[in-house]
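Only one structure is covered here, and it is reproduced in the block below.
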Amino acid sequence: MAANCKRVSFLLALVTTVVVTLCSSFVSGENEVSDLKIRTHLKRLNKPPLKSIKSPDGDVIDCVPVTDQLALAHPLLINHTVQMSPSFNPESVFSESKVSSRTKKQQRNDITQLWHVNGKCPENTVPIRRTTKQDLYRASSVESFGMKTRKSIPKLKSYDTTGVLPQNGHQHAIMYVEDGVFYGAKAKINVWNPDVEMPNEFSLAQIWVLGGNFNSDLNSIEAGWQVSPQLYGDNHTRLFTYWTSDAYQGTGCYNLLCSGFVQINREIAMGGSISPLSSYGNSQYDIIILIWKDPKEGHWWLQFGEKYIMGYWPASLFSYLSESASMIEWGGEVVNSQSEAGQHTTTQMGSGRFAEEGWGKASYFKNVQVVDGSNKLRNPENLQVFTDEENCYNVKSGNGGSWGSHFYYGGPGRNPNCP
């Protein structure tokens with residue numbers, strides 16, 4: 001009997017060893033495949049630089065030759081000649097300060113990016129934030145790295161609202177104009193550093209330039225600022241862009257994380273931290289974002305601030321936007337991933353304060369404009385506002401004075417009225 005027990009124990013130990021060995025081999029093989037995919041993707045994203053600059057926030061900025069950037073690897077751009085300046089700008093001279101201040105005491109210097117303190121990129125290069133292994137590990141997959149989900153689309157009252165996700169999805173507080181023919185948009189966007197509760201959530205403020213069908217083939221060009229721990233690995237407020245030509249299904253990405261947007265500017269890095277930021281009851285800072293369609297070449301150009309022409313989205317990337325946009329949106333967006341207890345996120349939108357608090361407390365968009373068929377900037381007509389959950393985040397519009405068309409927006413997320 002004792003001998004039989006020993007034999008059984010030996011066989012069990014042998015089987016366990018074999019199973020553990022097989023599992024270890026399988027996991028090891030899986031890890032090798034995963035690491036190979038990550039190394040391959042990093043090699044694709046991180047082009048050999050002429051110079052690298054270490055930023056105080058931990059970023060490494062690579063100065064890559066303009067003609068070597070990832071954008072030009074897009075199948076539609078293989079023989080593309082980089083256009084180093086637009087043939088037309090709907091606003092050639094900016095005269096207003098970045099600081100929206102009511103007393104001289106509040107005045108501060110122009111916006112900067114943190115990496116500037118340690119150097120600048122040479123002529124004929126563009127600054128590209130280096131992607132790390134850790135950046136890819138945080139993504140749900142290598143393939144989806146740098147991409148939004150379809151829930152990013154604000155579904156407005158004038159559209160079919162079945163499928164709107166009041167919980168577990170993206171939530172918005174925006175101003176918009178629809179059913180028109182638009183060739184660009186502009187705004188001054190108040191810049192804050194909202195708290196983001198969960199690593200897979202984000203908070204942003206942006207302009208959307210839209211064309212097409214919201215359900216399947218939406219074309220979207222987007223730019224603004226965001227806080228996104230999953231994408232960047234920290235909670236810094238960063239400049240960003242996004243584009244898609246198929247309603248976020250498979251095309252497009254943030255910043256320069258796929259081929260598409262062609263950067264020409266050597267001073268500002270997409271995805272780079274921006275500074276200074278607004279603070280409650282104190283100095284208020286805003287950034288200018290201008291997106292417009294070049295009437296000659298057809299590309300969609302981006303200007304940041306008063307003087308930085310960043311680059312362009314080639315017209316060939318799009319179907320509907322190859323002609324014009326039919327809708328423009330301005331405003332905030334957050335991800336509400338919802339806890340296991342079913343509670344709304346505490347991720348803030350804007351300053352984290354509701355629109356009613358106003359100047360110095362709530363976040364704002366001001367001087368909201370569109371580019372019309374004569375390539376002139378004008379005030380939009382028939383502006384409307386929309387929010388998914390007004391007890392969590394809201395919006396309040398205004399018009400007139402030096403601010404023109406404007407609105408306050410935002411909120412704290414979870415509160416007694418938004419459990």
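Using a 4.0 Å cut-off between a side-chain N of Lys or Arg and a carboxylate O of Asp or Glu, E267 and K120 do not qualify as a salt bridge. Salt bridge annotation for R378-D372: present, with a cationic side-chain nitrogen under 4.0 angstrom from a carboxylate oxygen.
Legend: residues meeting side chain to side chain contact (heavy atoms under 4.5 Å, CB included) with D195, ordered by chain and number and at least two apart, are Q348. Legend: residues meeting ring pair (Phe, Tyr, Trp, His ring centres under 6.0 Å) with Y242, ordered by chain and number and at least two apart, are Y248, Y254. Considering only residues two or more places apart in sequence or on other chains, S141 meets the side chain to side chain contact (heavy atoms under 4.5 Å, CB included) condition with E143, S144. Residues forming a side-chain hydrogen bond (donor to acceptor under 3.5 Å, both in side chains) with Y183 (at least two apart in sequence, or on another chain): none. Listed by chain and number, the residues in a side chain to side chain contact (heavy atoms under 4.5 Å, CB included) with S316 are L76, L77, P314 (sequence neighbours excluded). Checked against ring pair (Phe, Tyr, Trp, His ring centres under 6.0 Å), Y312 has the following partners two or more places apart in sequence or in another chain: H80, H299, W301. Partners of T81 under the side chain to side chain contact (heavy atoms under 4.5 Å, CB included) rule, at least two apart in sequence or in another chain, do not exist in this structure. The side-chain hydrogen bond (donor to acceptor under 3.5 Å, both in side chains) check on T251 picks up T244, S245, D246, with sequence neighbours excluded. Listed by chain and number, the residues in a salt bridge (charged side-chain N to carboxylate O under 4.0 Å, His left out) with E356 amount to none (sequence neighbours excluded). For the ring pair (Phe, Tyr, Trp, His ring centres under 6.0 Å) test, residues two or more places apart in sequence or in another chain that qualify with Y393 are H344. Residues passing the salt bridge (charged side-chain N to carboxylate O under 4.0 Å, His left out) test with D217: none are found, sequence neighbours excluded.
Separation of the H170 and F202 ring centroids falls under the 6.0 Å cut-off.
Under 3.5 Å, the side chains of N193 and T237 contain a donor-acceptor pair of N or O atoms. Counted by atom type alone, N190 and Y408 present zero donor-acceptor pairs between their side chains at under 3.5 Å.
Within a 6.0 Å radius of NZ in K47, more than 12 heavy atoms belonging to other residues, nucleotides or ligands are found. Around CD of E297, the count of heavy atoms belonging to other residues, nucleotides or ligands within 6.0 Å exceeds 12. Residue N417 qualifies as enclosed at atom CG: its count of foreign heavy atoms under 6.0 Å is above 12.
Annotation: disulfide (SG to SG under 2.5 Å) contacts involving residues 346-402, sequence neighbours excluded, comprise C392-C418.
Ring planes of F318 and W243: perpendicular class, angle over 60° (limits at 30 and 60°). H406 and W403 have perpendicular rings, their planes meeting at more than 60° on a 0 to 90° scale where under 30° would count as parallel.
Annotation: the span from D35 atom CG to L42 atom CG amounts to 10.0 Å, rounded to 0.5 Å. To the nearest 0.5 angstrom, N255 atom CG is 9.5 Å from R238 atom CZ. Note that NZ of K54 and CG of L114 are 13.0 Å apart. Values are rounded to the nearest 0.5 Å. Expressed to the nearest 0.5 Å, how far OG of S259 lies from CG of L72 amounts to 9.0 Å. R414 contributes atom CZ, which lies 5.5 Å from atom OG1 of T346 (distance to the nearest 0.5 angstrom). We find the CD-CG distance between Q263 and L302 to be 9.0 Å, quoted to the nearest 0.5 Å.
Just one of V196, D135, V335, N200 meets the side chain to side chain contact (heavy atoms under 4.5 Å, CB included) condition when paired with Q230; it is N200. The side chain to side chain donor-acceptor pair (under 3.5 Å) with Q206 is formed by just one residue from the set Q226, E222, E329; it is E222.
When all heavy atoms of F240 and A205 are compared, the pair lying nearest together is CE2-O, 4.1 Å.
The closest donor-acceptor contact from the side chain of Q171 to the backbone of D388 lies at 3.5 Å or more, if one exists at all. In this structure, Q113 contributes its side chain and A269 its backbone to a donor-acceptor pair below 3.5 Å.
Inter-residue side-chain proximity for R129 and M270 is flagged as unmet; no heavy-atom pair is nearer than 4.5 Å. Contact check for W292 versus Q303: side-chain heavy atoms found under the 4.5 Å cut-off. The side-chain heavy atoms of L256 and L70, taken from C-beta on, include no pair separated by under 4.5 Å.
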>> Working note: L210 + Y176, criterion side-chain contact (heavy atoms from CB on, under 4.5 Å); need CA distance, chi angles, decisive distance, verdict.
In response: CA-CA 11 Å; L210 302 166; Y176 68 98; over 6 Å; no
